[in-house]
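Beneath this line is the structure, given in structure tokens, with notes to follow.
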Number of protein chains: 2
Amino acid sequence: MKTQDAPTVRQRILDTAARLFYQQGYPLTGINQLIAEAGVAKASLYQHFRTKDDILHAYLQQVSQQWFQQVSEAVAQGHSPKAKVLAVFDMLKEFLVAVNFRGCNFQNAVVQLAPEEQAIRTFIQAHKARMGRVFAELLADESLAEEITLLFEGALISSQIRGDLTPVATARRLVERLL
Amino acid sequence: MKTQDAPTVRQRILDTAARLFYQQGYPLTGINQLIAEAGVAKASLYQHFRTKDDILHAYLQQVSQQWFQQVSEAVAQGHSPKAKVLAVFDMLKEFLVAVNFRGCNFQNAVVQLAPEEQAIRTFIQAHKARMGRVFAELLADESLAEEITLLFEGALISSQIRGDLTPVATARRLVERLL
DNA sequence: GTCTATAGATGGATAGAC
DNA sequence: GTCTATCCATCTATAGAC
């Protein structure tokens with residue numbers, strides 16, 4: 001492995017892409033702005049990524065990894081299945097405040113995708129399926145886990161639209177009653 | 001009122017915009033494609049709308065009106081509050097199949113908005129608030145209505161991501177239990 | 001209302017020099 | 001890896017002629 005300092009450039013591109021794609025949206029973020037803010041040359045970018053779509057894919061992979069890192073930390077805090085599930089909803093609260101209610105990276109990406117980008121759509125489906133499995137493994141009740149996943153998704157998009165935490169509070173309240 | 005044939009051009013633009021914005025997304029749909037498919041001249045378009053944003057706004061207003069038309073038809077079919085609420089979820093099923101799981105016009109729009117387009121974001125919030133009131137008036141239970149609204153939103157986005165109806169079925173099942 | 005022409009910016013992507 | 005120059009397409013919007 002001779003890639004020792006290469007990660008620096010690639011990582012700077014990915015971090016900048018993560019910020020811009022999330023704040024402005026994927027179609028509204030141009031390559032020119034991306035390289036300007038990342039401080040890399042255009043030729044360097046195209047040495048690490050073949051297309052803009054490749055950057056989107058790599059960025060989503062990175063964010064997915066970070067997301068499940070946060071999820072498992074939240075799960076570790078609860079001392080019962082019920083407490084673990086509720087801890088995930090508490091994590092969601094903190095997350096939304098931290099990102100200023102810009103919603104879910106994956107929901108946002110799927111909405112902004114062009115019809116032909118099937119590979120990325122598939123990746124997002126896998127991410128969401130994995131999130132569903134987190135609840136399913138905690139609860140050992142497939143049907144209940146589906147309901148909670150649905151409330152989680154609803155809380156994500158609704159809080160983004162409203163710009164406040166009330167949907168998460170509503171979801172958490174109902175989850176507590178269901179468990 | 002001298003506007004008797006003017007609606008034709010304006011309406012053709014709006015209908016085409018509705019189709020393209022919904023299928024391809026707002027940023028990915030260009031004015032040039034819009035006028036080409038609507039069969040109007042560019043100068044004509046700018047006679048009816050000041051900016052592309054104005055078209056988005058008018059399109060959302062039109063779709064919102066049509067949406068609540070469908071909702072009240074669904075509500076009219078039920079013979080009890082519970083049946084009326086469930087009828088709305090049945091309507092959602094038909095809607096999603098008809099549009100091939102492209103999701104909610106308003107959720108999609110809010111995700112694709114640039115940060116500065118506050119007026120349109122406000123309109124979408126009002127649309128969703130009105131949808132919440134539909135459930136609230138049927139149930140006379142504010143907190144229960146919020147939960148059902150949340151399940152509705154979750155079913156919308158989840159079915160879009162998955163590309164099937166299982167989230168709506170899950171939502172409907174839980175709603176039936178809650179009522 | 002239509003048509004064409006064009007402005008002026010920006011899009012993604014490539015090539016060559018260093 | 002950097003820089004600059006450039007390709008061609010597309011973007012929103014305006015102007016002028018008919």
Side-chain angles (χ1 to χ4, degrees), chain A residues 1-60 109 112-120, chain B residues 1-60 109 112-120:
Chain A
M1 308 225 189
K2 65 176 200 305
T3 51
Q4 196 164 358
D5 47 347
T8 312
V9 175
R10 185 190 158 89
Q11 198 55 46
R12 212 161 46 201
I13 294 171
L14 278 184
D15 291 343
T16 309
R19 180 169 53 84
L20 294 179
F21 289 171
Y22 190 46
Q23 287 179 357
Q24 313 179 340
Y26 176 65
L28 268 51
T29 301
I31 291 285
N32 293 322
Q33 182 187 12
L34 179 52
I35 61 172
E37 302 205 11
V40 304
K42 190 177 279 196
S44 306
L45 182 147
Y46 280 101
Q47 200 157 337
H48 289 280
F49 302 96
R50 271 182 46 257
T51 63
K52 190 187 173 189
D53 256 43
D54 276 12
I55 304 176
L56 176 62
H57 204 156
Y59 135 73
L60 287 177
Q112 294 175 339
L113 281 184
E116 61 266 21
E117 281 147 328
Q118 194 51 49
I120 295 180
Chain B
M1 306 227 188
K2 63 178 201 309
T3 51
Q4 197 165 358
D5 47 345
T8 311
V9 174
R10 184 189 159 89
Q11 198 54 45
R12 212 160 48 200
I13 294 171
L14 278 184
D15 291 343
T16 309
R19 180 169 54 84
L20 294 178
F21 289 170
Y22 188 47
Q23 286 181 355
Q24 313 180 339
Y26 176 65
L28 267 53
T29 300
I31 291 286
N32 293 323
Q33 183 187 12
L34 179 52
I35 61 171
E37 301 205 10
V40 304
K42 190 177 280 195
S44 307
L45 182 146
Y46 280 100
Q47 201 158 335
H48 288 280
F49 302 97
R50 269 183 47 258
T51 64
K52 189 187 176 189
D53 256 44
D54 277 11
I55 304 176
L56 175 63
H57 204 155
Y59 136 73
L60 287 177
Q112 293 174 341
L113 282 184
E116 61 266 21
E117 282 150 326
Q118 194 50 50
I120 295 180

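So that the names make sense, note that chain A is the first sequence line, chain B the second, and so on, each numbered from 1.
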_If you apply the rule side chain to side chain contact (heavy atoms under 4.5 Å, CB included), what do you find for K52(A) with Y26(A), and how did you get there?_
CA-CA 9 Å; K52(A) 190 187 173 189; Y26(A) 176 65; 3.5 Å; yes

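Residue A41(B) places its side chain closer to dC3(C) than to any other of dC3(C), dG1(C), dT14(C). Here dG1(D) is the nucleotide among dT12(D), dA13(C), dG1(D) with the atom lying nearest to any side-chain atom of V9(A). Proximity note for K52(A) (side chain, C-beta onward) versus dT12(D), dG1(C), dA13(C): the nearest is dA13(C). Of all nucleotides listed (dG16(D), dG1(D), dG12(C)), dG16(D) comes nearest to the side chain of A43(B).
Between the CG atom of L45(A) and the P atom of dG11(C) there is a distance of 13 Å, rounded to whole Å. Spacing between atom OH of Y26(B) and atom P of dC11(D) amounts to 13 Å, rounded to whole angstrom units. One atom, NE2 of H48(A), and another, C1' of dA13(C), lie 16 Å apart when rounded to the nearest Å. Put simply, NZ on K42(B) is 13 Å from P on dC3(C), counting in whole angstrom units. Look at OH on Y46(A): it is 14 Å from C1' on dT6(D), rounded to the nearest Å. The CZ-P distance, from F49(A) to dG12(C), rounds to 15 Å in whole Å.
Scanning for side-chain hydrogen bond (donor to acceptor under 3.5 Å, both in side chains) contacts around T29(A) gives Q24(A), with sequence neighbours left out. For D54(B), the salt bridge (Lys or Arg N to Asp or Glu O under 4.0 Å) partners at least two apart in sequence or on another chain are R50(B).
Nearest heavy-atom pair across L45(A) and I35(A) is CD1-CG2, 3.5 Å.
For DNA chain C, the neighbouring residues in residues 27-38 of chain A, judged by any heavy atom under 4.0 Å, are T29(A), G30(A), I31(A), N32(A).
Here the options are D15(A), V9(A), T8(A), I13(A), the test is side-chain contact (heavy atoms from CB on, under 4.5 Å), and the partner is Q11(A); only D15(A) passes.
A donor-acceptor pair is defined here as one N or O able to donate and one able to accept, closer than 3.5 Å; no such pair exists between the side chain of K42(B) and the backbone of I31(B).
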